[in-house]
Amino acid sequence: MIELDYRNVSADKIGREHGLDIQEAFAQHQDKLKTIVSEIYAQKDQAGGWKRWLNLGYDSTLADSVNQYAQSVKGKFSDMVILGIGGSSLGGYALLRALLHPYWNQLSDEQRDGQPRYYFVENVDADQIAPLMDMLNPERTLFLVISKSGTTAETMSAFMLAKAWLDKNLPAEKVREHIVAITDAQKGVLRPVANAAGYQTFEVPDDVGGRFSVFSAVGLLPAALCGVSVKEMQRGICELDAVLQKTDLTQNPAAQGALIQYLLYERHKHIAVFMPYSFRLASVSDWFTQLWAESLGKKHNLHGDVVHTGPTPVRAVGVTDQHSQVQLFNEGPNDKVFTFVAVGRPDRDLTIPNDQFTDVEDLNYLNGKPMSELMRAEFESTRASITTNLRPNMTLTIPQVDAYHFAQLLYLLEVQTAIAGALLDIDPFDQPGVELAKKYTYALMGRKGYEDLIPVARGEKSAVHV
Ligand code: PA5
């Protein structure tokens, strides 16, 4: 199972100025955390509580429905295009990148066992979309249009382009077979459009917000279509969930992680660096960045006071960022908390040959060593340097990157985020700060009802007078 090592945040390791007395902190906050964890789990079925994502791991109907659909179209599509943004795409991308062959799209149809290549369109940039459409064969392409709200301009515009492309290239009666909509059961524009056109649909369940939706059809359908075991992910979540429900702080890694992040935030460590040491987990950094930023960055607390709170997540990947950001991490301001993710063993290993440049003494130390040993040494040495520089850091370790442990990693971070939100006394499930720019976009694009905002959106009127 996934493990959290927090020894390098302790005052013993990094001194009292930057570190915590862990035992004392756990003892002081045990009661509070007990209440928070119990309240979060007590709301898992409550309407309006936005915590129904806690149930997704147990939803065998969901697993069966995505698997059935995937089975029914197996071999039919060579390419799958996912249209979505934010919580409707980042989790799915992180998932496929971690659990499929790293060069999946370059494999032959036989090597992919008839499962589709995948492309994520999450930007309204024609330079991304047009070349993709030039390349794809409409007869062999499936679009998944994913939007919880069913209204998001970025997703809906891409969907309109996709639909027009299918209309142009396929017989009218065939088009609907190439579109799957994943959206709210009732709200938004996408649901009635999908129903009227007869598309295959899946729900983003009530009280599951975008950034907590990776284990709904949002992430599980792309996974099933590419042959990833949905049941294994659910098994991983359920087994971990039994641990995360524990109200004893000493036994609950999500509560420990949240408390440590919170206490260090209070001590002006306002930046949360997330750094997996794994090529396959690199995109988990992007998913975590959104989860942490959009959930915890808030203007108001739960009582309506203006607090402007929230740690700033920074994405990094080991070892690559050792040659980019680690200089700053080690010697810049001591204002960061680091979360490393380590993988017990890679699926593949390589041995550095011992018959190359044998006369070059300075390369001999590499001779005959496994790449995994070098990776491990680079991780441990970077972590040691961060600790030597008195910077608090934690490590999440998964034994290997597979469906079971990958799901545990993301689920633990989701629960940690919910607990951190409660500690910060904010609502981690809303995102009012995203709304203003959306409204300005509507104004600039001429949507009815937003005319008053045009002068500010255009920069013709100063925001201080608004
Ligand atoms: O986490 C969130 O709620 C957001 O990032 C949304 O996922 C994002 O804004 C896209 O919204 P929607 O899924 O409604 O299109």
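Just so you know, ligand 1 is whichever comes first in the structure, and atom 1 is the first atom listed for that ligand.
- Looking only at atom types and distance, the side chain of Gln128 has no donor-acceptor partner in the side chain of Asp125 under 3.5 Å away.
- Stacking of Arg267 on the aromatic ring of Tyr262 is not recorded, the 6.0 Å distance cut-off and the 45° axial limit not both being met.
- Side chain of Lys74 to main chain of Gly227: no donor-acceptor pair is present (N/O by atom type, distance under 3.5 Å, no hydrogens or angles).
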Going through the distances and angles, do Asp241 and Tyr58 end up as a side-chain hydrogen bond (donor to acceptor under 3.5 Å, both in side chains)? CA-CA 10 Å; Asp241 198 44; Tyr58 300 90; 2.6 Å; yes
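- The protein residues lying under 4.0 angstrom from ligand 1, judged by non-hydrogen atoms, are Ile85, Gly86, Gly87, Ser88, Ser147, Lys148, Ser149, Thr152, Gly210, Arg211, Gln290, Glu294, Gln431.
- The ring pair (Phe, Tyr, Trp, His ring centres under 6.0 Å) test applied to Trp292 returns Phe288, not counting sequence neighbours.
- Between the side chain of Asn252 and the main chain of Asp248, no donor-acceptor pair closer than 3.5 Å is present.
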